[in-house]
Structures are given as C-alpha cells and as structure tokens.
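The figures that follow rest on heavy atoms only: side chains count, while hydrogens, waters and symmetry mates do not. Proteins get letters first, then strands, A, B, ... in listed order; numbering begins at 1 in each.
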Amino acid sequence: MRDAPAILPDRGLADRISAALWRHPKAFLGLLLALPLLWLGVVYLGSLAALLLQSFYSIDEFSGVVKEEFTLKTYAELFRAQNLDIIVRTLLMSALVTLACAVIAFPIAYFAARYAKGRWKALFYLGVMLPLWSSYLVKVYAWKLILAKEGIVTWAAEGAGMGFFLDAVLALPGVGGNSLSTSPMGTFIVFVYIWLPYMILPMQASLERVPGSMLEAAADLGASGGQTFRTVILPLALPGVIAGSIFTFSLTLGDYIIPQIIGTSARFIGLAVYQLQGTAGNIPLAAAFAVVPIIIMLIYLTIAKRMGAFDAL
Amino acid sequence: MTAAVEFQNVTRHFGNVRAVDGVNLAIAEGEFFAMLGPSGSGKTTCLRLISGFEQPSGGAISIFGQDVSNVPPNKRNVNTVFQDYALFPHMTVRDNVAYGLMVKGIGKAERLAKAEEMLGLVKLPGYGDRKPGQLSGGQRQRVALARALVNEPRVLLLDEPLGALDLKLREAMQDELKALQKRLGITFVFVTHDQHEALSMADRLAVFSDGKIAQIGTPEDVYARPQSRFVADFVGSSNVLPPGLTRALGGPAKWASLRPEAVRLSAEGQGRGRVTAIRYLGAGSRVVLDIGGTEVAALVPAGQPLPGEGAEAAIAFDPTALHVMEA
C-alpha cells in the first residue's frame, strides 16, 4: 500500500476527456446544451417565428396569392362568426376534456402514488402506458366502432335495459346526435380516453412527492378527508395537475384527427388549420389560427401562476 | 384516577409480523412518558395506535377512559409532533400553526392571534411570515411543536422529536420540552431510541423489545434494576454477566447486571482479566477487561491511574451493585 502512487495513471482517451471536462466545467455544460439549444433555438423557435410572421401576411382574395405585407387583416378574420365559432367550440371542448381528465385521473393517480407497491405499481404503469404503445389512429377507429349505432355501447345499454337512457343523452341538444360516434358527446369521450395518460402520469408524480406524514399531520390536527384534500393534497399536487392539464388542454386544442373521425363534422382549430393550409391554400389564416392556441396557453399559464400553482415546485 | 392513555392487551399485526404483541400500559395524566426501544421494537406503532394512524388487530385502547378503537385520528383530542415535522411547505409558519384552528372553523383574526401566541411559547415570535423551507431544523421542530399545541390536546405525542437535531440543540430542546410539559401540564408521550434522552426526560418509561414491553418504570428503576438481559444491555450499556461469572464474583448462579460506574480496578479483586480496550470519554475512561471470555467494562474517573492495553487487572465492586435478573 505504501508504494501506491498518489495519482492514478490514465487509462486512455476517455480518462483524458473526462479530466479535461472536469477542469473546464463550463465547456462540459456547453457540450450538454449544444444540441438541445440548436434544436430548440434554431429549428423549433425559428419555425415558430416563421409561423408568426406568416400570420401577419394576408391573402389576395381574387388571385389567392399571399401578399407579403404586414397587416392585421388576417387576425381580424378570426373574429368572423364562423371562425369565432370554431375557436369557442375548440376552447370549450378542451376545457371540458381537461376537467374530465383531471377528475378521472385523480383517484387513479392517488391510488398509484399512495397505495400501489411492487406488483401493483408495475400493473399501474402498464395499464396507463399500454394504450400509448398502439397507434393513435387504430385507437380512434376502434372507438368509432365501439360508439357506433350498432356498436357495443348501444348493445350493452339495450341489454341492460338502459337503452332509453342512451336515447335521452343522444336527444340532448348540442351534445347529442344520431349515435354516440356521430355526436359531440362521442368526440368528448374519445378525447378524454386518448389524453387521459398524459394527465395521470404528471399527477401521480406530484402526488408521489407529498409525504404520507403530511396527510397524517392534517388528520392529526383535526382536518376531515375533504379538508385535507382541499388544503394539503390539492395545493401540493397542483403543479402536477397543471402540467397534466397543459398536455390535455393543448393536445385537444391542436388535434385535427379525432373530430374528423368521430362526431359531427363541426370544425375545430386543428382541423381548420389543416384545411386552410392544404386545400384552401390560405397560409396566413392558417398561421393566425395556429397562434390562437399559443395565446390561450399563455393566458392559461399566467392565470395558473397567479393562483400560485408553481409555488410548490 | 383514569389513565390518560390505556392499552389493554393490544396487538397490531402487519401480515405475519407482530409489531405490537399483547401490550398492557397505563399512562397517567400529566405524565412525561417515554417509549424506548431499538428500531422495529413496536414503540412507534404504539404511538400511532394512540394517534389513530394504526388500528389495533386486537385489544382495546382508551384515552381518558373513552374507548377510541373506532375513532378516526381527526376526532381524537391528541396531537402529534412528527419525526420529519411534516410542516406544510406551501403555507407560512403562521398558517401552519393556525391549521388546527382553521379546520375547526375558528375565525381568522382569532386563530392568527392564537398562532402568534403559540410561536411566542416556542420562542419563535415574529417568524410567522416565513415559509418552513426558510427555517433551520431546530426552528422547524419548534413550529411543529407549536402547531400541535395550538389545539390544546389532552395528550401530546412526540415521535423521535429530537432525532434530527445536533447534540447541542438536542440537549437544549430536552430541557425546554421538559419545562414546557411542566408548565402546560399536558400528558406527553414520546418515542425515542436514545436511552439518555429517555432517562433524562421521562417521569416513567417503557422499554420495548420485539413488540412487547420488556420493562416499565421510573428511570431510576429501569436503570438500576433491569429485569432482563435485554433491558440491562439496552438501557445504558451495562455489563451483563452470565450465571457462571456471577457466581465466581460472589453472587447466585443467575444472569446479573453490573454498571460500569460501579466497577473499580484494583490489584486484587474478585475477577481478574486482561485489558482489551480503553476508550477515553472525557470525564473518565472506559476500560474493558476480558474475564473468562466475558467482556466487563469499568468506568475509571479522570485522574486515576489507567492500566495499559494488554495488562492484567482485577475488578472490585460493592456487592450491592450486582443486580441479579430473572431473565
């Protein structure tokens, strides 16, 4: 032992590189960030800027050519009744889907965070992630069949003597329709199903970080279950709920496939963008439409921040 | 007089593990009671049975004569200082302390005034606007104490309350807790694995081992007259003598305990052995002798001559110091 050197010999290039990075921590940081910065900064933000720029152009109504002059005319078009309709419909759907996802996800996430151990935890992750492994389109078409007039939901409802209930739901103005798969109700159900994992996972992660002793402390001090939920669990889990709602909200805001396949053919923002930049060739209006979800999300996050959603981060 | 807390043959099983196994216990009102034991001995489970976070598998628990077997934690007039303090990180210190009053529906002005008063009691006046994250460990501990006391519980439970504090702070808090308990007259039940803490603070203590109470009594009782090898060994690192050695030293052929501080080193004496280790403790030195295969420690006060390691020495002690045990 006495003869061992104080400095161990280099074992090769890898050792010399790691030593050099140890001596220059800033270079190491730069190396770590180079690729993401290039991607985020140039490719992603760059295309976003290009999109923003496009939205300030307008289209010549006769020739259909994009006029590359700065104008707010395209944005003014968003406020036409038919376009405003699309925005309000999308916003309402996103809000409802987010709310439903939060309500459904909470007990699942709570169970996983508080009670599930070992095998049950594995089952939870599998159960939540499994739907993400299969194609989005396959799932949506599967739901179209499930919700169709001849589908399993109708069949089960009639078999259980609940056919009248289904008919009553479908007869509701605004949400009902010919069958579930051709009603706004159906669009809603499929949206909730498709985005639910994105709400469960962040919620579970944030609930996981609330120590059990905190809930015991609340009960110990006399809080009822409801009080503990409102004053301790919810505030501490709020960052997770907000993170989840950002997913469900923005994914619903931008989706253009589900409303095409399931529901009435009423247009949503995503579908409008898709059609405007494709068949209609109205890139400026498509860009202006695409800016709407960005602005809505910014407003949403500002409100969330004001409410203290990120204080516990 | 009804006991503040009473356990009648209480058991608590976790699967096949008997965490608490037939415990009988009566804690008197106004008592400072310690539950002492190594980890996994069932002491913390007993505390959680009192607060209601665990339910007994068998037996009955009563608080001030009332059976609490079916009473949830939030309906028990008992409060807990948690080991990790469990302060709410998203609330200010003041809101943390006022929490118990808030959930009871007491008005804002009144509960905040009461919280301020409690912060004064634990010597943290003016800290109300801070968040728990901005406090030191000792200050958090005081906040946890204030938060538990604001409800004016009839029994205060403390789960390893001083475990996370450094030595100096721990000693200061021991004195303060003791003084606070005297002043408030509330029954304190605290769990610890630190024998010194239990001996110095408690009016009475229960020593736990494998889910059972090995001995219950005053600190003097438990320290000077341990009833079993386990208690003698666990409470204050006593010498535990096997029957053969006890007889060789002039006692009956039974297990016995002998406190290191009762043992003197001498040239001539009942037991001879070789010095295997010497540890300097400041106020004295702990000298360990190997006597016929049993290690016997003697506490030699500072200033007295010490034998060298490996030297031969004999031990001498007052025959009354030899405490014979039944188990």
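Rounded to the nearest 0.5 Å, atoms CE (Met91(B)) and OG1 (Thr231(A)) are 5.0 Å apart. In this structure, OH on Tyr99(B) lies 11.0 Å from CG on Asp220(A), to the nearest 0.5 angstrom.
Within the 4.5 angstrom heavy-atom criterion, atoms from both the backbone and the side chain of Arg147(B) approach chain A. When heavy atoms are compared at a cutoff of 4.5 Å, Phe88(B) approaches chain A by way of both its backbone and its side chain. Looking at Val78(B), only its backbone comes within 4.5 Å of chain A, counting heavy atoms on both sides. Contacts between Asp84(B) and chain A at a heavy-atom distance below 4.5 Å involve the side chain alone, from C-beta outward. Only the backbone of Leu87(B) comes within contact range of chain A, judged by heavy atoms closer than 4.5 Å.
Counting non-hydrogen atoms of neighbouring residues, nucleotides and ligands closer than 6.0 angstrom, the CG atom of Leu130(A) exceeds 12 such neighbours. Summarising the local packing, CZ of Phe247(A) is surrounded by 12 or fewer heavy atoms from other residues, nucleotides or ligands at distances under 6.0 Å.
For the options Asn77(B), Asn151(B), Thr80(B), heavy-atom pairs under 4.5 Å to chain A are most numerous at Thr80(B).
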Discussion item. Could you walk me through whether Ser224(A) and Asn74(B) satisfy the side-chain contact (heavy atoms from CB on, under 4.5 Å) test, starting with their C-alpha distance in whole Å, then the side-chain angles of each, then the deciding distance to 0.1 Å, before giving a yes or no?
Written reply: CA-CA 7 Å; Ser224(A) 64; Asn74(B) 58 338; 4.1 Å; yes
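Annotation for Pro89(B) and Leu236(A): closest pair CG-CD2, 3.6 Å, computed over non-hydrogen atoms.
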